[in-house]
Structures are given as C-alpha cells and as structure tokens.
Amino acid sequence: GAVVSQHPSRVICKSGTSVKIECRSLDFQATTMFWYRQFPKQSLMLMATSNEGSKATYEQGVEKDKFLINHASLTLSTLTVTSAHPEDSSFYICSAPPGRYNSPLHFGNGTRLTVT
Amino acid sequence: AQKITQTQPGMFVQEKEAVTLDCTYDTSDQSYGLFWYKQPSSGEMIFLIYQGSYDEQNATEGRYSLNFQKARKSANLVISASQLGDSAMYFCAMRAWNGNKLVFGAGTILRVKS
C-alpha cells in the first residue's frame, strides 16, 4: 500500500531554534498533504494543508509565520517550526489523501517534538 | 460544518469480551465517509474500518464491525474478542465526499484487562 515516510520520529531542540519535519510520499505522488498537531491524549487538530506549487492553506488560529509549510515537489512536504518554544512541544503528523474517496488517508508515523 | 462526537474518554474491557466505542456525527452533507482509526502509544495512525453514507450494509473487517445508524447519525465501532494489543486510543473521523480533510472526534482510550 501507499506509504508516507515522516522524519524525524523524535526531536529535542532548544528554545529559540527552528526544527524541520519532512513528509515524503514513497510510492505515489501527493499534490496535497495535511499537517496535524496532537497534544497528549487529545485529538488530531488540522493545522494546514500544503499544496504542491502553491501556498499552504492554514486553519484558523494557526500562526503562518511560526509554522512554515512548503510543498516542494509531488513527493515532499515540510513543516518548519520556527523559533520554537516549550509550548510548541507536541506530536506532529502528516497525511496524504488517497486516490479513492472511500480509501483511508495515508499517515506518516508522526514526529514527537520536545522544546527545552 | 462537520462534527464528530465521542463521549467516552476512557473505556475498560475484559480480555476476550466485546466492546462498543460510541461515535455520533453531524453533517449537512448527503454523501460522506466515516472512518475509525487506532492509535497505539507509538503514535502511528492505523486504519481500521470505513463506512460510506450510502452503504446499506454495516462494514466489517475481521474483529471490527461498524454499527451504522444513519437516521441517528451514529457510527459505533464494535470490537469483538478483545485482545491486550487492542489497548490504544481510538478515533472516529469523517470526510465529506467533495473533500479530503478528515475531521476527528476527541477519541476514546481503550484499556483491555487480562
């Protein structure tokens, strides 16, 4: 089946630094990628939708300058958390839409970000 | 706007017994899809089962079945013969026919007791 590879799986960074998270579609082309954020024992909240060749669409309340999303190619989407602070510590997970409506989204395995 | 409601923050079930995880939804769309995902402590999202709004039969996938009651807008997940490995967070989600976004419920943490 279709695979989305997400890296890194875990990252610890110091406050004020930037962290880049990559999502690659390994065996299919993804013109769209969804980025979710999840706090412990809570639901997945959609942050933004990246679109290959155009600007990302951010959900209400998500800071565009804090969470930079780039969809550089049909197989790569990146999320950069800029000037990270401890409150940005969270689980970030990407997903790509399937080819068919009744098929499940393809999820990456997620990135656990800890900002110290 | 679409909304998914999962009213059970946590559930316990004895190993080998069946358990039902509740999910109700709200949408003005006539065509939509309902999904259940399992998320173990590792964080990966594991797809379990899908039900289309026009599907007349309740979906089944191995030990998972979906009790779909369209008039009541409910899509409960039934896990039969629970196993210790079923302990995880379970999410109900919806997608409109004309979109790719998934809207998730709050989730239910299931713990299987031996």
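No hydrogens, no waters, no symmetry mates; every other heavy atom, side chains included, goes into these values. Throughout, a chain's letter reflects where its sequence line sits, starting with A, and its residues are numbered from 1.
Applying the 6.0 Å contact sphere to NZ of B/K3 captures no more than 12 heavy atoms from other residues, nucleotides or ligands. No more than 12 heavy atoms of other residues, nucleotides or ligands lie within 6.0 Å of CZ in A/R10, so this atom counts as exposed by the packing criterion. Within a 6.0 Å radius of CG in A/L74, more than 12 heavy atoms belonging to other residues, nucleotides or ligands are found. For B/M11, the CE atom is densely surrounded, since the number of other residues' heavy atoms within 6.0 Å is greater than 12.
Ranked by non-hydrogen atom pairs under 4.5 Å with chain A, the options B/R95, B/K101, B/Q6 are led by B/R95.
Both A/I21 and A/Y58 sit in one connected hydrophobic cluster of ILVMFWY residues. Membership requires side-chain heavy atoms under 4.5 Å apart, directly or through other members. Hydrophobic clustering keeps A/L44 apart from A/L113 (ILVMFWY residues linked when any side-chain heavy atoms are closer than 4.5 Å, directly or through intermediates).
Contacts between A/L46 and chain B at a heavy-atom distance below 4.5 Å involve the side chain alone, from C-beta outward. Using a 4.5 Å cut-off between heavy atoms, A/Q38 contacts chain B through its side chain alone, with no backbone atom that close. Using a 4.5 Å cut-off between heavy atoms, B/F104 contacts chain A through both its backbone and its side chain. Of the two parts of B/I109, only the side chain, counted from C-beta on, holds a non-hydrogen atom closer than 4.5 Å to a non-hydrogen atom of chain A. If you measure heavy-atom distances from A/I93 to chain B, the contacts under 4.5 Å come from the side chain alone. Neither the backbone nor the side chain of B/T108 comes within less than 4.5 Å of any heavy atom of chain A.
A/S43 OG to B/M89 CE: the interatomic distance, rounded to the nearest 0.5 Å, is 7.0 Å. Taken from CZ in A/F91 to CD in B/Q39, the straight-line distance is 6.0 Å, to the nearest 0.5 Å. To the nearest 0.5 Å, atom CG of residue B/L102 and atom OH of residue A/Y36 are 5.0 Å apart.
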**Message:** Apply side chain to side chain contact (heavy atoms under 4.5 Å, CB included) to residues A/N109 and B/M45 and explain how you reach the verdict.
**Reply:** CA-CA 7 Å; A/N109 284 339; B/M45 295 293 286; over 6 Å; no

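Just one residue in the list A/P104, A/S103, A/P98 forms a side chain to side chain contact (heavy atoms under 4.5 Å, CB included) with B/F47, and that residue is A/P104.
Applying the disulfide bond (SG atoms under 2.5 Å apart) rule to pairs touching residues 40-114 of chain B yields B/C23-B/C92, sequence neighbours excluded.
Of residues 49-88 of chain B, those residues with a non-hydrogen atom less than 4.5 Å from any non-hydrogen atom of chain A are, in numerical order, B/Y50.
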